[in-house]
Amino acid sequence: EQQSAKIKSIELSEDAALKCYECGASLYFRAPQEIGDALVHNIAEDTKMAFAGRYPNGELRGEVEVFVSRKGHVTDWHFDYMHNFTIHLKGAKT
């Protein structure tokens, strides 16, 4: 039987998330919508880059997300529903 490759998400406390990371898990955080709305709009407007989607009323649509992983982590090939503006704080995306 083939196993599903779907990533499972769970909500954890800060301590539990840190423990999962220390045990080798990757972490994914989504910022509250009001932060995403403010940052996506400002970055898109200031840089004149079209990386955000748009709602039917024309307002910018985007999310602010943080992905934390250890060296050697590989994400399967996938498509995101909108363009990404990526900032690496340390390491390299390969």
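Just so you know, these numbers come straight off a predicted model, no measurement behind them.
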Residues that, via side-chain heavy atoms closer than 4.5 angstrom, fall in one hydrophobic cluster with Leu12:
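Ile10, all in the cluster of Leu12.
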Which hydrophobic side chains are connected to Leu18, either touching it within the sub-4.5 Å cutoff or through other members that do?
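When side chains under 4.5 Å apart are linked, Leu18 ends up in no cluster with other residues.
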Working to the nearest 0.5 angstrom, can you tell me the gap between Arg30 CZ and Ile35 CD1?
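It comes to 13.5 Å.
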Salt bridge (charged side-chain N to carboxylate O under 4.0 Å, His left out) partners of Arg70, counting only residues at least two apart
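Once residues adjacent in sequence are excluded, Arg70 has no partner under the salt bridge (charged side-chain N to carboxylate O under 4.0 Å, His left out) criterion.
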[X]: what forms a side-chain contact (heavy atoms from CB on, under 4.5 Å) with it, not counting sequence neighbours?
X	result
Asp15	Ser13
Val68	Tyr21, Leu27, Phe29, Val66
Phe67	Ser26, Tyr28, Ser69, His73, Thr75

Does CD belonging to Glu14 count more than 12 external heavy atoms closer than 6.0 Å?
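At most 12 heavy atoms, drawn from other residues, nucleotides or ligands, come within 6.0 Å of this atom.
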